[in-house]
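Report on one structure; see the data block that follows.
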Amino acid sequence: MDLSYSPDEQAFQTQVRQFLADDLPQDIAEKVRLDTDLTKDDMERWHAILNNRGWLAQNWPQEYGGAEWSAVQRHIYDTEAADANAPRIVPFGLSMLGPVLQKFGSKDQQDHWLPRILDGTDWWCQGYSEPGAGSDLASLKTKAVRDGDHYIVNGQKTWTTLGQFANMIFCLVRTDPDAKQQEGISFLLIDMETPGVEVRPIILLDGTHEVNEVWFTDVKVPVENLVGEENKGWTYAKYLLTHERTGLGGVGFSQAGLKAVKRIAKAANHNGKPLIQNPHFAARVAQVEIDLHAMATTNLRIISQAAAGEAPGLEASMLKVKGSIIRQEINDLARRAVGPYAMPFASEAVEGANDRIPDPLDAGPVAGQYFNNRKLSIFGGSNEIQRGIIAKVTMSGGA
Amino acid sequence: MDLSYSPDEQAFQTQVRQFLADDLPQDIAEKVRLDTDLTKDDMERWHAILNNRGWLAQNWPQEYGGAEWSAVQRHIYDTEAADANAPRIVPFGLSMLGPVLQKFGSKDQQDHWLPRILDGTDWWCQGYSEPGAGSDLASLKTKAVRDGDHYIVNGQKTWTTLGQFANMIFCLVRTDPDAKQQEGISFLLIDMETPGVEVRPIILLDGTHEVNEVWFTDVKVPVENLVGEENKGWTYAKYLLTHERTGLGGVGFSQAGLKAVKRIAKAANHNGKPLIQNPHFAARVAQVEIDLHAMATTNLRIISQAAAGEAPGLEASMLKVKGSIIRQEINDLARRAVGPYAMPFASEAVEGANDRIPDPLDAGPVAGQYFNNRKLSIFGGSNEIQRGIIAKVTMSGGA
Amino acid sequence: MDFNLTEERQMLQDTLRRYLREQYGTARRNDILASDTGFSADIWAELADLGVLGALFTEDMGGFGGAGFDIAVVFEELGRAGVVEPILDSALLGGRLLAAAGKTDFVEQVIGGALHLAVAHGEPDGRYDLDHVNTTATDGKLTGRKAVVMNAEAADHMIVSAKDGDTIALYLVDKGAQGLDIQGYPLLAGGRAAEVTLDNTPGDPLGLTLEDYEAANRLALIAQCAEALGAMETATALTKDYLMTRKQFGRPIGTFQALAHRMSDLLIELEQARSAVINAAGYIEDKHADMHLSASKNLIGRIGRLVAEEAIQMHGGIAMTQEYELAHIAKRIVMADHRFGDTDYHLERFIALSAA
Amino acid sequence: MDFNLTEERQMLQDTLRRYLREQYGTARRNDILASDTGFSADIWAELADLGVLGALFTEDMGGFGGAGFDIAVVFEELGRAGVVEPILDSALLGGRLLAAAGKTDFVEQVIGGALHLAVAHGEPDGRYDLDHVNTTATDGKLTGRKAVVMNAEAADHMIVSAKDGDTIALYLVDKGAQGLDIQGYPLLAGGRAAEVTLDNTPGDPLGLTLEDYEAANRLALIAQCAEALGAMETATALTKDYLMTRKQFGRPIGTFQALAHRMSDLLIELEQARSAVINAAGYIEDKHADMHLSASKNLIGRIGRLVAEEAIQMHGGIAMTQEYELAHIAKRIVMADHRFGDTDYHLERFIALSAA
């Protein structure tokens with residue numbers, strides 16, 4: 001048992017820290033710190049900087065241009081990046097599609113699409129969820145019918161994150177309507193500029209535009225955009241869901257968030273003293289800090305297992321549940337800390353509103369973020385789904 | 001809307017308070033305050049004092065010798081009695097069997113049994129629960145087979161509270177083995193001195209002997225001890241369960257418990273100051289006090305509805321859940337307050353142990369009580385059962 | 001003991017509930033939310049016509065209510081419908097302060113719906129502390145900054161607290177007064193507020209002190225608790241409906257035990273919240289009124305968070321979208337915690353007051 | 001980073017777990033609980049033979065372990081089996097204090113299982129405060145009262161803290177020393193303690209101060225956290241088994257969603273508790289060791305209450321009976337909060353230490 005980093009890991013940490021200090025644009029970091037919406041250009045700029053350093057595709061094998069980092073290295077990067085207010089890497093091309101293409105795509109597909117992910121030619125989004133299907137992917141209805149060299153796609157996807165910036169979408173579509181639930185599904189790459197694709201914004205409850213509906217009406221997709229075999233899409237989707245399951249706890253984000261809460265609470269007045277000295281507020285902060293500290297160790301344990309080749313199973317679900325609870329609690333503390341200044345409303349979706357919002361504690365839109373991050377326990381397999389998985393596996397004697 | 005007592009109610013309160021000050025034996029009150037087990041004699045003594053005053057059968061009609069108090073009067077008595085550390089009235093004869101006999105018993109049964117409840121000739125206990133049946137009364141297995149002028153009873157009851165003191169037990173028994181679940185059940189009065197009745201103690205986790213198993217082996221019960229009609233026992237049991245559902249929140253007990261916690265926490269040292277001044281402890285106390293204060297008003301609202309003739313339905317389940325949570329939280333605070341002195345173990349079940357336990361804060365066996373009162377959310381329809389009832393009724397549009 | 005509404009209050013409740021159900025649906029409100037002023041003059045006038053504003057004042061003041069339970073009834077219904085019009089600040093808080101100052105002509109206009117007010121008391125670093133006032137009054141000229149002043153832009157007059165020497169006193173400042181600067185902005189849960197700067201701005205002394213402000217603030221606390229309760233009732237009802245409508249694996253998700261039990265807990269807490277509002281309104285004349293109010297605001301804050309979060313969680317994705325009714329209601333509930341002292345503020349005050 | 005046990009510790013864990021599973025079942029333990037001494041001399045001797053006591057001491061001290069993780073491994077297993085023998089107080093706390101005092105001959109006897117100790121530090125009104133000592137030492141004679149002294153009756157020697165002038169120092173007091181009065185009683189979670197009165201009782205100065213006591217207390221904190229973790233593992237396992245065995249409406253109650261989800265939450269918190277123990281053991285040499293220990297003890301206290309209460313609740317009636325295994329285990333978990341500072345005590349200390 002040893003909780004400290006090895007000399008190599010420490011050296012890597014120093015390298016990452018130096019890179020962030022040197023190369024992370026300050027205007028972008030400030031936006032991240034204040035939770036101001038990043039523009040497409042901001043995100044592309046940061047991807048290019050990372051790609052230039054060879055650190056964009058952190059989990060890809062080197063043969064595809066990846067950094068091929070270990071789980072511990074990725075953890076170190078995540079922690080340092082969150083601390084430095086670096087934007088997160090947009091995961092759809094890099095963490096999700098990339099590994100699927102590397103495992104199941106044809107040589108042609110790999111040669112064509114992977115470099116375009118790295119150099120930013122394509123912006124990918126994910127077409128999994130459908131209205132009414134909730135977390136139950138197997139019941140999806142979007143149809144793709146083979147017609148010569150093409151599929152004709154009809155249907156609707158929803159909760160498509162950053163779809164407004166994307167030119168490509170990877171979709172699960174039903175290719176065999178007679179097959180049982182999870183069979184008859186295929187994995188299709190669709191150019192969003194094809195006629196019949198329409199993106200409609202969904203404004204979230206905090207006024208932000210993060211997610212979209214994507215509608216398909218007689219959209220023609222070349223058959224070479226099918227990944228792997230027809231009707232085997234469920235296998236690829238599952239691979240994607242079980243792959244890349246470290247980091248689900250969002251330890252780095254929570255650590256950065258807690259740091260911000262403490263800073264705000266040191267500045268905020270409460271009965272003539274800094275709020276952080278108020279024992280009730282301090283108790284809340286301390287308890288979530290203690291929870292987070294334990295979860296960080298749980299996270300490292302899982303990473304260490306992953307490094308040893310064990311696939312994280314239940315532990316990933318556990319981390320996702322506990323991680324979302326902790327992050328949401330930190331969001332709650334932040335909104336409490338600013339007091340009445342939690343009420344003013346900043347949103348890109350309300351024209352010009354961003355400029356005029358008073359923020360004497362330099363906290364950013366903490367109440368908006370509180371509401372926005374309710375998504376953490378809903379999207380990507382709700383906490384109820386995760387609890388169901390944990391119970392099912394454990395009770396059947398699996399753990 | 002008026003939250004205060006009427007002049008009549010205030011006068012009644014004064015009367016009750018005076019009675020308790022004058023007539024409640026101090027040795028008994030001290031035992032109640034310190035949660036020392038009461039002897040059978042203690043309980044009988046207190047019943048006799050109440051009966052002498054005409055206040056023993058508070059909910060009985062005057063024609064049967066009852067006080068026929070209103071719901072508000074009963075609430076006032078409960079609150080004052082808890083505050084004065086009066087023992088609770090043993091409910092089996094008075095609150096449970098009495099109303100059933102008055103509603104469904106024959107004139108002979110009423111004339112014979114009701115006076116014996118009042119004067120203490122009989123000590124009743126309840127034979128409902130059976131091993132393995134949990135809160136599901138309909139699945140009970142104890143059989144009564146008619147044989148001439150008698151029923152022959154075989155089976156086992158469990159969780160029989162104070163059965164060790166009882167000479168009579170009212171039982172739900174299965175008289176028609178072919179009937180569906182809730183049919184074919186009868187309500188039978190059984191003399192515990194009949195051959196074939198055996199009472200075996202169950203020691204609870206805090207070492208107390210409160211509940212028992214009662215075994216029946218070929219027990220002969222005269223047919224005149226059948227209440228109402230054969231195979232209609234479920235109806236009477238349900239009447240009993242829906243009757244008398246005010247007071248389920250245990251407001252008086254919680255108020256007395258909270259008062260004790262505050263007294264202990266004023267005396268207990270924490271870092272050189274009284275524990276009650278510790279903000280974390282004070283916050284816990286304040287929150288439960290606020291919860292309790294709201295629940296007291298909820299309780300009064302339900303009592304006021306009951307007084308207006310509305311049957312408390314869902315609200316009773318709600319009170320039972322919230323009331324148990326609040327009482328258990330108060331028990332938790334009490335055990336925390338005494339610090340290391342929560343560890344010593346006092347139990348009547350351990351011979352002589354009671355005398356030697358150090359208790360510098362004069363708190364009684366607070367840790368034992370903490371464990372003992374876990375029963376509040378388990379016995380009498382667990383909180384899970386209550387939540388199920390609330391959901392079922394509400395979701396089907398009932399409320 | 002009596003837990004029934006009087007006939008008058010029952011009628012007021014029925015009328016207001018019916019009016020809002022018919023006139024204040026999600027679409028109408030979304031239009032109001034998106035408007036420049038952040039509130040509807042038509043709704044305001046109609047509420048005045050219905051007697052809703054008059055119910056906030058005693059007969060002495062020219063109204064026909066004014067007691068704790070009148071305020072609770074009105075604001076529970078406003079909360080149930082997610083009303084964003086600043087009735088709490090403009091009519092109740094502002095109006096009752098002017099009534100306390102004996103400005104009967106103004107109060108008459110408030111009741112009639114013609115006069116809009118704002119109350120500028122809190123300051124940027126004052127958070128929830130009532131006695132934190134750094135704005136100064138010198139020879140009737142006010143100088144200082146006021147924070148998150150509700151309805152400042154639309155107000156005909158503003159009631160401003162300032163320190164004249166050691167004493168906090170209240171002043172009436174006219175719209176457009178010299179040196180008055182109003183920087184408005186929208187609010188997350190609807191409506192608008194502003195940062196208000198006064199620079200030697202003339203103010204008319206109202207003859208009111210901090211104690212008078214505290215008295216009006218007590219009524220605001222009842223109103224805020226009741227409004228949150230009403231919103232919680234809507235959140236709970238929406239969730240109940242959703243759980244019985246939405247199906248998974250062929251049955252309503254509300255029949256799954258985990259959600260059913262959590263729904264039960266919400267219903268239990270809703271009863272607790274209702275009792276908290278009754279206590280707030282019922283003990284307003286009690287010598288321990290402040291302790292009761294803090295108890296209620298603390299409990300409403302705790303239950304509010306639970307209800308808002310659980311309602312969103314049990315809905316899932318749909319509740320994350322701005323256009324769904326619950327989104328607005330949940331924001332009203334949570335933002336109620338940021339007014340007149342939050343959960344922790346009132347916990348601390350309760351501890352201090354109950355130890356005294 | 002490395003989260004694997006060393007081979008030696010893995011072996012110790014396996015051996016101890018197997019031994020306790022075979023030799024320390026519910027029936028055997030119930031006999032021990034009902035015995036006059038409250039512990040079994042046979043078990044003690046066998047644990048010593050297995051090397052369990054030696055694992056608590058470094059090689060320098062004559063043992064073959066003594067690090068944070070050695071202690072954690074031992075006490076997690078003792079906790080898992082609900083062992084009531086006072087190894088924590090007698091062997092670990094007492095033994096390590098004597099080791100710090102250089103009493104190698106005594107330590108050898110402790111490791112061999114021949115010597116029993118008690119540590120008398122806390123006082124009746126001291127609660128969890130480490131520096132609260134009113135017992136006095138004058139010319140080597142001790143006078144005062146010590147509270148809830150574990151294993152006092154069975155101890156061959158007692159380590160007693162007392163104030164010599166302004167300094168708190170530790171003394172060795174022999175069994176049967178003059179003026180030593182021991183009033184023993186059983187404990188709710190098993191074992192025995194005593195109120196100890198000293199009246200001019202001769203004590204041999206150990207040359208140790210409060211700082212030495214605090215150092216040994218850190219190890220006791222690791223042990224207590226690990227013991228509670230082991231007990232929580234048992235409570236969780238028993239609950240899991242029960243949920244899959246007990247049926248209602250024809251299916252295991254664990255397949256009902258509400259219980260299944262609550263079980264999942266317990267499993268999640270159990271992982272948190274495991275991490276808390278790893279942190280306690282892993283940061284014992286860190287300059288922020290006390291902060292880490294307080295974090296762990298606080299978290300173990302919070303999770304412990306949850307696990308104990310939920311395990312009982314999900315079992316229902318059966319868990320309320322003394323004879324069922326969970327009853328004892330739940331008591332061990334909850335009573336762990338009353339040793340070496342409870343949840344609130346360590347929350348406060350964590351706040352103080354993390355602000356510093």
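Each chain gets a letter, A, B and so on, in the order its sequence line appears, and its residues count up from 1.
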Practice task
Determine, stepwise, if the pair Leu204(A) / Gln322(C) fulfils side-chain contact (heavy atoms from CB on, under 4.5 Å).
Solution key: CA-CA 5 Å; Leu204(A) 291 187; Gln322(C) 191 171 53; over 6 Å; no

Practice task
Start with the C-alpha distance between Asp342(C) and Arg336(A), add both sets of side-chain angles, then the distance that settles salt bridge (charged side-chain N to carboxylate O under 4.0 Å, His left out), and finish with yes or no.
Solution key: CA-CA 8 Å; Asp342(C) 70 0; Arg336(A) 284 169 194 264; 5.1 Å; no

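Top candidate by heavy-atom pairs under 4.5 Å with chain A, chosen from Thr321(C), Thr343(C), Ile312(C), Leu326(C), is Thr321(C). Contact count versus chain C (heavy atoms, under 4.5 Å) is highest, among Pro360(A), Ala367(A), Ser377(A), Pro365(A), for Ser377(A). Highest contact tally toward chain A, considering only Glu195(C), Met335(C), Gln313(C), is held by Gln313(C) [criterion: heavy-atom pairs under 4.5 Å]. When the candidates Phe379(A), Tyr370(A), Tyr341(A) are compared by the number of heavy-atom contacts under 4.5 Å with chain C, Tyr341(A) comes out ahead. Per-residue heavy-atom pair counts under 4.5 Å with chain A were compared for Glu323(C), His315(C), Glu348(C), Lys247(C), and the maximum is reached by Glu348(C). Considering only heavy-atom pairs separated by less than 4.5 Å from chain A, the leading option among Asp131(C), Leu347(C), Leu259(C), Val148(C) is Val148(C). Among Ala267(A), Ala337(A), Gly388(A), Ala268(A), the residue with the largest count of heavy-atom pairs under 4.5 Å with chain C is Ala337(A).
With contacts defined as side-chain heavy-atom distances shorter than 4.5 Å, the pair Pro186(C)/Met343(A) does not qualify.
The minimum heavy-atom distance between Tyr185(C) and Ile357(A), with the atom names listed, is CB-CD1, 3.8 Å. Annotation for Leu205(A) and Lys331(C): closest pair O-NZ, 2.6 Å, computed over non-hydrogen atoms. Residues His338(C) and Arg335(A) come closest through the heavy atom pair CE1-O, 2.8 Å. The two residues Trp159(A) and Gly317(C) have their closest heavy-atom pair at CH2-O, 3.1 Å. Closest of all the heavy-atom pairs between Asp344(C) and Phe281(A) is OD2-CD1, 4.1 Å.
For the side-chain contact (heavy atoms from CB on, under 4.5 Å) with Met320(C), the qualifying choice from Ile378(A), Ile202(A), Val211(A) is Ile378(A), the only one to do so.
The main-chain N or O of Asn271(A) is found under 3.5 Å from a side-chain atom of Asp129(C) such that the two form a donor-acceptor pair. Between the side chain of Asn269(A) and the backbone N or O of Asp125(C), at least one donor-acceptor pair lies under 3.5 Å. Using a distance-only test at 3.5 Å, with no hydrogens or angles considered, no donor-acceptor pair links the side chain of Arg127(C) to the main chain of Leu275(A).
In this structure, chain A has no heavy atom under 4.5 Å from any part of Ala34(C). For Ala147(C), the parts lying near chain A are the backbone and the side chain together; criterion is any non-hydrogen pair under 4.5 Å. Contact of Leu130(C) with chain A is not made at all, since no heavy-atom distance falls under 4.5 Å. Only the side chain of Arg262(C) comes within contact range of chain A, judged by heavy atoms closer than 4.5 Å. For Asn278(A), the part lying near chain C is the side chain, with the backbone staying farther off; criterion is any non-hydrogen pair under 4.5 Å. In this structure, chain A has a heavy atom under 4.5 Å from the backbone of Ile318(C), while its side chain stays farther away.
More than 12 heavy atoms of other residues, nucleotides or ligands lie within 6.0 Å of CG in Asp31(C), so this atom counts as buried by the packing criterion.
Separating the CZ atom in Phe256(C) from the CD atom in Glu384(A) is a distance of 12.5 Å, to the nearest 0.5 Å.
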